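Since the structure comes first, as C-alpha cells, the remarks are kept for the end.
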Amino acid sequence: MSVDPTKPYDSENIFAKILRGEIPCNKVYEDEWSLAFHDINPQADVHILVIPKGDYVSWDDFSAKASAEEIAGFVRAVGHVAREQGLVVRGYRLLGNVGRNGGQEVPHLHVHLFGGGPLGPMLAR
Ligand code: AMP
C-alpha cells in the first residue's frame with residue numbers, strides 16, 4: 001500500500017523497527033544521523049537504502065522539518081556510502097519516492113542508491 005505523506009509518522013513501520021534493532025538488516029554503514037543497508041529486493045547489482053535516524057515520513061517531511069544538522073548528516077552519509085561502495089567513478093543513481101504517485105511503500109524517508117552497472121533510462125514509461 002502507498003504511503004500518505006501527509007499522515008503522522010508511524011513508529012511501527014519496518015524501517016523504524018530496523019533502527020530499533022527489532023528486525024535485522026544487512027548493514028552497510030551507520031553514523032549518528034543515518035543508517036544504510038542493502039535493499040531486501042534489489043533492483044540493480046548494488047541497491048542500498050539510506051535512511052535518517054529521525055522520525056520522518058518522507059522527503060517532504062524531512063525537507064520541511066529536519067534540522068540543518070540532520071539534513072547535512074543525512075546528505076553526507078549518502079555521499080559517503082556511494083564513495084565507500086566504489087560507485088563514484090562509474091556513476092550511480094539516487095531515487096526518493098514520495099507518496100502514491102512516487103510509489104513510496106515504507107513510511108520512513110529513504111533514498112535508494114543504485115549502481116554496479118548501467119541503470120537504463122531514468123523512468124520506465
Ligand atoms: P519505496 O517503494 O521507495 O518505499 O521502497 C521501499 C523499499 O524497501 C523497497 O525497495 C523494498 O524492497 C525495501 N524493503 C522493504 N522491507 C525491507 C527490509 N526489511 N530490509 C531491506 N529493504 C526492505
Side-chain angles (χ1 to χ4, degrees):
M1 202 161 94
S2 296
V3 167
D4 179 347
T6 65
K7 288 259 172 72
Y9 186 80
D10 170 14
S11 59
E12 291 307 306
N13 79 76
I14 193 131
F15 293 171
K17 290 180 179 173
I18 287 176
L19 280 168
R20 291 195 296 266
E22 292 167 12
I23 62 166
C25 71
N26 189 355
K27 183 157 79 175
V28 170
Y29 175 74
E30 181 171 15
D31 65 19
E32 182 183 354
W33 304 107
S34 310
L35 176 69
F37 50 92
H38 290 284
D39 196 289
I40 206 166
N41 183 25
Q43 306 293 312
D45 290 346
V46 177
H47 184 175
I48 292 166
L49 301 173
V50 190
I51 68 174
K53 289 195 168 173
D55 294 351
Y56 298 101
V57 175
S58 71
W59 185 264
D60 179 66
D61 194 19
F62 187 69
S63 61
K65 298 188 194 139
S67 68
E69 283 155 314
E70 287 176 298
I71 292 171
F74 180 62
V75 171
R76 287 200 189 281
V78 174
H80 177 84
V81 169
R83 284 189 294 279
E84 200 172 63
Q85 295 290 313
L87 300 178
V88 176
V89 171
R90 293 174 66 205
Y92 60 93
R93 180 173 294 162
L94 297 179
L95 178 71
N97 294 319
V98 180
R100 190 177 57 232
N101 280 359
Q104 183 183 2
E105 304 247 313
V106 178
H108 182 112
L109 170 62
H110 48 284
V111 168
H112 297 257
L113 175 52
F114 299 108
L119 294 163
M122 189 160 60
L123 292 175
R125 300 201 64 156

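Remember, predicted model here, so these are calculated numbers, not experimental data. Whatever order the structure lists them in is the order used to number ligands and atoms, beginning at 1.
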Verdict with reasoning, L19 to L35, per side-chain contact (heavy atoms from CB on, under 4.5 Å) = CA-CA 8 Å; L19 280 168; L35 176 69; 3.9 Å; yes
Just need the protein heavy atom nearest to [atom], so name the residue and atom and give the distance.
atom: atom 4 (O) of ligand 1; result: E105 N, 2.6 Å
atom: atom 8 (O) of ligand 1; result: F15 CZ, 3.4 Å
atom: atom 13 (C) of ligand 1; result: D39 OD2, 3.3 Å
atom: atom 2 (O) of ligand 1; result: G103 O, 2.9 Å
atom: atom 6 (C) of ligand 1; result: H110 NE2, 3.5 Å

Considering N13, V98, N97, I40, which one's heavy-atom position lies nearest to atom 20 (N) of ligand 1?
->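 That would be I40.
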Can you tell which of N41, V111, I48, I18 gets a heavy atom nearest to atom 19 (N) of ligand 1?
-> I18
Y56 and E70 side chains, donor-acceptor separation under 3.5 Å =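 A donor-acceptor contact under 3.5 Å links the two side chains.
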Evaluation steps, side-chain contact (heavy atoms from CB on, under 4.5 Å), between L49 and H47 = CA-CA 7 Å; L49 301 173; H47 184 175; 4.0 Å; yes
Parallel, tilted or perpendicular: which fits the ring planes of F37 and F15, with parallel below 30° and perpendicular above 60°?
->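 Perpendicular: the ring planes of F37 and F15 meet at over 60°.
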Backbone or side chain, does any N or O of H112 fall under 3.5 Å from an N or O of ligand 1?
->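 Between H112 and ligand 1, an N or O pair is found under 3.5 Å apart.
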Taking only Lys NZ, Arg NE, NH1 and NH2, and the carboxylate oxygens of Asp or Glu, determine whether R76 and E69 approach each other closer than 4.0 Å.
->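 Salt bridge flag = no for E69 with R76.
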Do Y29 and I48 pass the side-chain contact (heavy atoms from CB on, under 4.5 Å) test, and can you show the C-alpha distance, the side-chain angles, and the key distance before you say yes or no?
-> CA-CA 10 Å; Y29 175 74; I48 292 166; over 6 Å; no
Give the numbers and elements of all ligand 1 atoms closer than 4.0 Å to a heavy atom of [X].
X: H38; value: 21 (C)
X: V106; value: 4 (O), 6 (C)
X: L49; value: 8 (O), 13 (C), 22 (N)

Are any of the heavy atoms in Q43 under 4.0 Å away from ligand 1?
->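 Distance cut 4.0 Å: Q43 fails for ligand 1.
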Could you please spell out the steps behind the side-chain contact (heavy atoms from CB on, under 4.5 Å) verdict for H112 and N97?
-> CA-CA 9 Å; H112 297 257; N97 294 319; 3.7 Å; yes
Any chance the rings of H110 and H108 have centres within less than 6.0 Å?
->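 Centroid separation for H110 and H108: 6.0 Å or greater.
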